[in-house]
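Take a look at the following structure, please.
Remember, predicted model here, so these are calculated numbers, not experimental data.
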Amino acid sequence: MAAASECSVAAQRIRVGKEKGFVRYLGPVGATKGEWYGIEWDNPERGKHNGSHDGVAYFATKHDTGGSFVKVQKAVKGVTVAEAIRDRYGDTSANDEQVKFSKIDVEVVGGSTITDQLSQYHSLVSLVLRDADINNNVGTDIATMCPIARAIDVTDNLFTSFTAIEAIATQLPKLMSLNASFNAFCDPVEALSSLPTPSPFRHLTKLLATNMIHLTWDQSVAICKRMPLLQEVHLCENNFTSVALPEGESMVTVFPSLKLLNLYGNHLSDWSEIEQFGVIPSLYDVKLNCNQLPSLTKPLEMPHMTMLSIGSNMVADWQSFVHLGQLQSLTNLRVRKNPVASAYREADYRKITITYLPYVLTLNGSEVSARERQVAERFYLERHSQQWHEAQTQNTLPDFYTQHPVYERLVKEHGEPIFVAQPDRPPVLKDRLINLDISVFHGDPGATSDEERVEEGASEFQVAVPSSITVGRLKRLLQAEKYAAVKSVQQRLFHITDVEFELDDPLRVLSHYEVTDGATLRVFIQPLAS
């Protein structure tokens, strides 16, 4: 019986439908006929059991529902790279009137011309072979078919060994970019470290190995050492809890040319391990979003880094931003969705963050202009002005500056903040309401005199409305049954002072027409146009 979640380069991977998994057992099952694969699925929700049937354990799985038995003939066991290229880019064996493209046979007019175009494998510079069922037996036809290919994407295939990737790279001498994500590399670190030299990755500058099914950090180090010109490395969502180097290794030796490192979506929680990368002089962009990194307790020793992404981590205090602000090289920072932001509106959080980071020019993907920085720093000054004045009065400014270490710099740059005492209580709604005397008339405002209007009868009432209400909103309010009870389009509003001023712009607030508390308004009801 195979051990649960055993990862071995000898283990076979297969596909059934859209799901992939490891073969953990091959043979009969109970009294059933034929041979069965016992599969441990990559997606444990696909399975039905833990490898047992009728009380007999045929194999073991990590999850209780990670296993299934599948008839051998139902499983896709994999193809070579050459077969995958023909399947994906067109089969040169197709006749003049039929082209096989993306696994679909298509009848076309002039099919021979299209076949000629699709069969020009030797002109392909970038090979995209995602989910193509390629297994460890990659074949030997790649160099003949695609001699100038510089990039290959073999995401989500059936590999179990990194040596299969080496076999591909050996046949692509110009290879500069490799995406091997969503695969399984079961090679022991010792085996990876003893692979033959020279490495076939002598020109590779970009590596993506994200969401790997089985990949440890030590394996990643051994693999990257085979790629001395790597400039861009993406090792996202691989469940790394540590990126400490194995004993005797040096970051400069492992990543001598590294410029961008992406460790998004792992479980890293130790800033000292991140600082190890600071010795790489070419490294300027570090992406650490969605990890578990805590607040900083000291400045980062990463003097060459200009771009840092630490969104969705565990940074919980502003002192961390003080430490980040001491990095003069850091000009681009992403820092959304950390606990420190939870007590602030998004706009205020951005202002305070800008204040703590004097060298940052781009924050969360948006440029920080000189004007925005000025507004942000003055906002911070005003926000804490009362505490600053109290500290001045009580001779406790050193304590205040300990709590707000950027404040002294801001005072020097912008001058002392002006403190305006706040009222004992915040204004409530009733303090912001104005009372209006409303008279409602029917007809044209210019057709009759005031005396005739009174004789005809007018409804009068008072309303209390916010001083910031617009003319249009006031008209909609007066539509109510207890007021004018007519549609707003039938209303003409006039402010009565020494003369009548019509409130003719529905988007203007009442104060534009100098309507204040106690003002008198007249509403003239017009008939609807027929």
Side-chain angles (χ1 to χ4, degrees), residues 343-352 366-367 369 371-372 374-376 378-383 385-386 417-530:
Y344 302 89
R345 295 185 308 147
E346 178 68 25
D348 291 350
Y349 176 57
R350 180 176 174 86
K351 290 187 182 79
I352 298 171
S366 298
E367 180 185 355
S369 66
R371 175 59 179 164
E372 184 183 17
Q374 182 184 62
V375 169
R378 289 179 178 175
F379 166 84
Y380 190 87
L381 279 171
E382 294 173 8
R383 186 181 182 90
S385 61
Q386 181 176 354
I418 299 173
F419 171 63
V420 179
Q422 299 296 315
D424 293 335
R425 61 176 179 82
V428 295
L429 179 60
K430 69 178 184 179
D431 296 329
R432 301 195 299 270
L433 297 179
I434 59 175
N435 294 294
L436 303 177
D437 294 317
I438 307 288
S439 299
V440 179
F441 301 93
H442 290 267
D444 189 336
T448 54
S449 64
D450 286 349
E451 292 80 5
E452 289 172 324
R453 293 169 186 163
V454 172
E455 288 177 3
E456 291 175 2
S459 57
E460 297 182 350
F461 51 84
Q462 278 194 338
V463 294
V465 297
S467 57
S468 59
I469 194 171
T470 63
V471 172
R473 290 184 63 190
L474 177 59
K475 285 185 175 183
R476 289 194 291 275
L477 173 67
L478 296 177
Q479 288 181 161
E481 189 68 33
K482 63 179 179 179
Y483 299 130
V486 294
K487 295 181 178 180
S488 59
V489 295
Q490 295 178 256
Q491 301 174 30
R492 291 182 64 186
L493 269 62
F494 290 82
H495 179 205
I496 308 304
T497 53
D498 295 335
V499 293
E500 290 183 347
F501 288 100
E502 184 169 6
L503 283 58
D504 55 359
D505 188 342
L507 300 180
R508 295 284 192 181
V509 296
L510 296 186
S511 59
H512 174 76
Y513 296 98
E514 299 183 357
V515 176
T516 57
D517 187 49
T520 298
L521 299 185
R522 286 178 179 170
V523 183
F524 290 91
I525 307 303
Q526 311 293 297
L528 284 172
S530 56

* **For Thr516, all residues meeting side chain to side chain contact (heavy atoms under 4.5 Å, CB included), sequence neighbours excluded** => none
* **Distance in Å, Arg378 CZ paired with Lys351 NZ, rounded so as to fall on 0.5 Å steps** => 14.0 Å
* For Tyr349, enumerate each residue passing the side-chain hydrogen bond (donor to acceptor under 3.5 Å, both in side chains) test, keeping only those at least two apart in sequence or located in another chain. => none
* Leu433 and Pro466: which non-hydrogen atoms are nearest, and at how many Å? -> CD2-N, 3.5 Å
Just list the side-chain donor-acceptor pairs under 3.5 Å for residues 467-474, sequence neighbours left out, or say none.
residue : atom : partner : partner atom : Å
Thr470  : OG1  : Arg473  : N            : 3.2

* Contacts of Glu367 that satisfy salt bridge (charged side-chain N to carboxylate O under 4.0 Å, His left out) - sequence neighbours left out -> none
* To the nearest 0.5 angstrom, please state how far the OG1 atom of Thr520 sits from the CD1 atom of Ile438. => 8.5 Å
* Which residues share a ring pair (Phe, Tyr, Trp, His ring centres under 6.0 Å) with Phe494, sequence neighbours left out -> Phe524
* Could you tell me whether the side chain of Gln490 and the main chain of Gln526 form a donor-acceptor pair under 3.5 Å? => yes
* Asked: Quick check: are there more than 12 heavy atoms from other residues, nucleotides or ligands sitting under 6.0 Å from CD of Glu514?
  -> no
* To do: Mind checking the CG-CZ spacing from Leu493 to Arg522? Nearest 0.5 Å is all I need.
  => 12.5 Å
* List in chain and number order the residues that pass salt bridge (charged side-chain N to carboxylate O under 4.0 Å, His left out) with Arg350, two or more places apart in sequence or in another chain; answer none if no residue qualifies. => Glu372
* Asked: Out of curiosity, Leu521 CG to Asp437 CG, how far, rounded to the nearest 0.5 Å?
  -> 8.5 Å
* Quick one: does Asn435's side chain have a donor or acceptor within less than 3.5 Å of a partner on Gly518's backbone? -> no
Distance-only donor-acceptor hits, side chain of residues 506-513, under 3.5 Å, sequence neighbours excluded:
residue : atom : partner : partner atom : Å
Tyr513  : OH   : Asp504  : N            : 3.3
Tyr513  : OH   : Asp504  : OD1          : 3.0
Tyr513  : OH   : Asp505  : N            : 3.0

* Output all residues satisfying ring pair (Phe, Tyr, Trp, His ring centres under 6.0 Å) with Phe379, sequence neighbours left out; order by chain, then residue number. => none
* Restricting to pairs with a member in residues 486-496, which pass salt bridge (charged side-chain N to carboxylate O under 4.0 Å, His left out), not counting sequence neighbours? -> Arg492-Glu502
* Structure fact -> Residue set satisfying side chain to side chain contact (heavy atoms under 4.5 Å, CB included) with Arg371, at least two apart, ordered chain then number -> Ser369, Gln374, Val375
